[in-house]
Participant: 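Here it is, the structure in full.
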Amino acid sequence: MKNFIYSLFFICSSTILSAQHTYPKDSLQQLLHSTLVESKSYIEKGKVADYIPELSKADKNKLGIALIDKQGKLYTLGDVHTKFTIQSISKIIALMIAVQERGEAYIFSRMGYYGTDQAFNSMEALNTRQKPLNPMMNAGAIATTASIIGNGDEAYQKILKMIRFITNNDSIKLNEAVYLSEKETGNRNRSMFYLEKNFGLFDAKGEESLNNYFKQCSIEVDAVDLAKIGYFFAHNCTRFDGDKTYYNPEMAELINSIMLTAGMYNYSGEYSRKVGIPSKSGVGGGILGSVPGKYGIGTFNPALDTQGNSAAGLYIFEKLSKKLALSIFR
Ligand code: GLN
């Protein structure tokens, strides 16, 4: 009898587990709906970024989720066509290009693979180590973009071109007002750039190289674009429509692992425990998730928590991860 109860329990629990892995499609749309409704209460917990004045104009109530499944089918809910600036999410594309051109060893001899307990704009490691901690914090991202080969705005053009390719969306462009606002107020980023230049972290380059960083952050996307980029890294750099031009499992592995350790800044450790999805956030309000072998996910709401991550977006990722068993540690 006892054995019978045990085996019954085993059958039931494995059915529940496999049911989580093969979520019926119409209930996936329902899950997105209930998650979006619940996430609304988190908007009030956050605040729209205003340290870059132009960002403060974002509508706090815009909220959207986009998800692309393994077969490339897109699910959307809410304000998925609202445009916002990609901000720090652009750092994964810059890293991809810099590693393609220079190799991983070159890039990571100039910065670390460390996680962090510091904010995204911390300069501390530049003082203590003379090197950025990782390529996801501003210090590392500025050095990464400065390592991309080319003069003038070539590095930015390469990043824009790659984002347009991955999303198959040639309408993606710069938000000029945000760019000018970043450039005008970005003195903390500017000081990191000059410190790094002083340490010889990249070839002598002028301030146009820092401008490339400001420009890459000011590229406008929507939640669907983020889901497509998430899909790309979830599928060994295969595009959502199956295009394999940049197919590269090694690159996807690198980007996903760096996102997991540092993509959510000083929240990355807790996020790894609670969500377990390689993800990248930006102060424009976007979060991109790459669920290896499965989904690409993009969320948007510009109200940020104190660590610079979208509060509603965090809730959405945590909920979807739990409901769909998406943690890579499952
Ligand atoms: N452009 C922003 C900055 O440099 C990017 C920061 C972010 O998205 N966390 O401050």
Side-chain angles (χ1 to χ4, degrees), residues 46-58 83-95 111 115-126 132-146 153 155-156 159-160 163 174-196 207 209-221 223 225-226 229 258-259 261-268 271 279-289 298-314:
K47 193 174 165 298
V48 176
D50 56 7
Y51 75 99
I52 299 167
E54 199 62 28
L55 290 184
S56 66
K57 295 183 180 165
K83 298 222 180 287
F84 53 91
T85 51
I86 189 167
Q87 295 297 337
S88 279
I89 302 168
S90 65
K91 294 169 181 175
I92 57 175
I93 306 297
L95 179 61
M111 63 191 74
T116 186
D117 62 353
Q118 302 289 312
F120 65 85
N121 58 1
S122 169
M123 315 174 61
E124 197 180 287
L126 292 182
L133 286 174
N134 62 58
M136 299 291 103
M137 294 167 73
N138 289 8
I142 290 166
T144 301
T145 296
D153 75 345
Y156 161 70
I159 294 167
L160 177 65
I163 292 174
L174 185 77
N175 180 323
E176 186 78 21
V178 172
Y179 164 57
L180 294 174
S181 190
E182 295 232 12
K183 192 172 152 177
E184 199 176 306
T185 57
N187 287 322
R188 194 179 173 90
N189 287 329
R190 191 165 287 113
S191 56
M192 289 193 246
F193 174 80
Y194 281 108
L195 263 179
E196 291 173 352
E207 201 155 324
S209 174
L210 174 67
N211 291 342
N212 285 329
Y213 169 76
F214 291 140
K215 279 188 186 164
Q216 74 179 62
C217 289
S218 307
I219 292 172
E220 266 188 338
V221 291
D225 296 319
L226 293 188
I229 303 171
I258 297 291
M259 284 203 281
T261 47
M264 309 300 283
Y265 317 113
N266 41 342
Y267 188 63
S268 300
Y271 188 84
S279 301
K280 185 74 206 83
S281 65
V283 292
I287 302 181
L288 164 155
T299 63
F300 171 61
N301 178 259
L304 308 179
D305 67 9
T306 51
Q307 283 152 316
N309 298 318
S310 166
L314 286 183

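Indexing begins at 1, ligand by ligand and atom by atom, following the structure's order. Worth saying up front: this structure is predicted, and the values here are computed from it rather than measured.
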Participant: Within the 4.0 Å heavy-atom shell around Cys217, which atoms of ligand 1 are there?
Facilitator: 1 (N)

Participant: Is a side-chain donor-acceptor pair under 3.5 Å present for Tyr265 with Ser88?
Facilitator: yes

Participant: Are any of the N/O atoms on Tyr265, whether in the backbone or the side chain, positioned under 3.5 angstrom from an N/O atom of ligand 1?
Facilitator: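 Among all N and O atoms of Tyr265, at least one is under 3.5 Å from an N or O of ligand 1.
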
Participant: Any N or O of Ser88 that comes nearer than 3.5 Å to an N or O of ligand 1?
Facilitator: yes

Participant: Which of the atoms in ligand 1, numbered in the order shown and given with their element, are less than 4.0 Å from a heavy-atom of Gly282?
Facilitator: 8 (O)

Participant: Is there at least one pair of N or O atoms, one from Val283 and one from ligand 1, spaced under 3.5 Å apart?
Facilitator: yes

Participant: Any idea which atoms of ligand 1 are less than 4.0 Å away from a heavy-atom of Gln87?
Facilitator: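 Atoms satisfying the 4.0 Å criterion: 1 (N), 2 (C), 5 (C), 8 (O).
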
Participant: From atom 4 (O) of ligand 1, work out which of Tyr51, Phe120, Tyr213 has a heavy atom at the shortest distance.
Facilitator: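 Heavy atom nearest to atom 4 (O) of ligand 1 belongs to Tyr213.
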
Participant: Which of the atoms in ligand 1, numbered in the order shown and given with their element, are less than 4.0 Å from a heavy-atom of Glu182?
Facilitator: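 Once the distances to Glu182 are compared, the set is 1 (N), 2 (C).
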
Participant: Report yes or no: does Phe214 have a heavy atom closer than 4.0 Å to ligand 1?
Facilitator: no

Participant: Look up atom OG in Ser310 and atom CE in Met264, then write down how far apart they are to the nearest 0.5 Å.
Facilitator: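 Between atom OG of Ser310 and atom CE of Met264 there are 8.5 Å.
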
Participant: Quick check for you: to the nearest 0.5 Å, what is the distance between Asn175 atom CG and Glu54 atom CD?
Facilitator: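 Reported value, rounded in 0.5 Å steps: 6.5 Å.
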
Participant: To the nearest 0.5 Å, tell me how far Thr144 OG1 sits from Ile93 CD1.
Facilitator: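 That separation rounds to 12.5 Å.
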
Participant: Would you call Asn189 a ligand 1 contact, heavy-atom distance under 4.0 Å?
Facilitator: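 Asn189 counts as a contact of ligand 1 under the 4.0 Å cut-off.
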
Participant: Atom NZ of Lys47 and atom OG1 of Thr306: how far apart are they, to the nearest 0.5 Å?
Facilitator: 11.5 Å

Participant: Kindly compute the distance separating CE (Met136) from CE (Met111), expressed to the nearest 0.5 Å.
Facilitator: 9.0 Å

Participant: Can you find a side-chain donor-acceptor pair between Ser56 and Asp50 that sits under 3.5 Å?
Facilitator: no

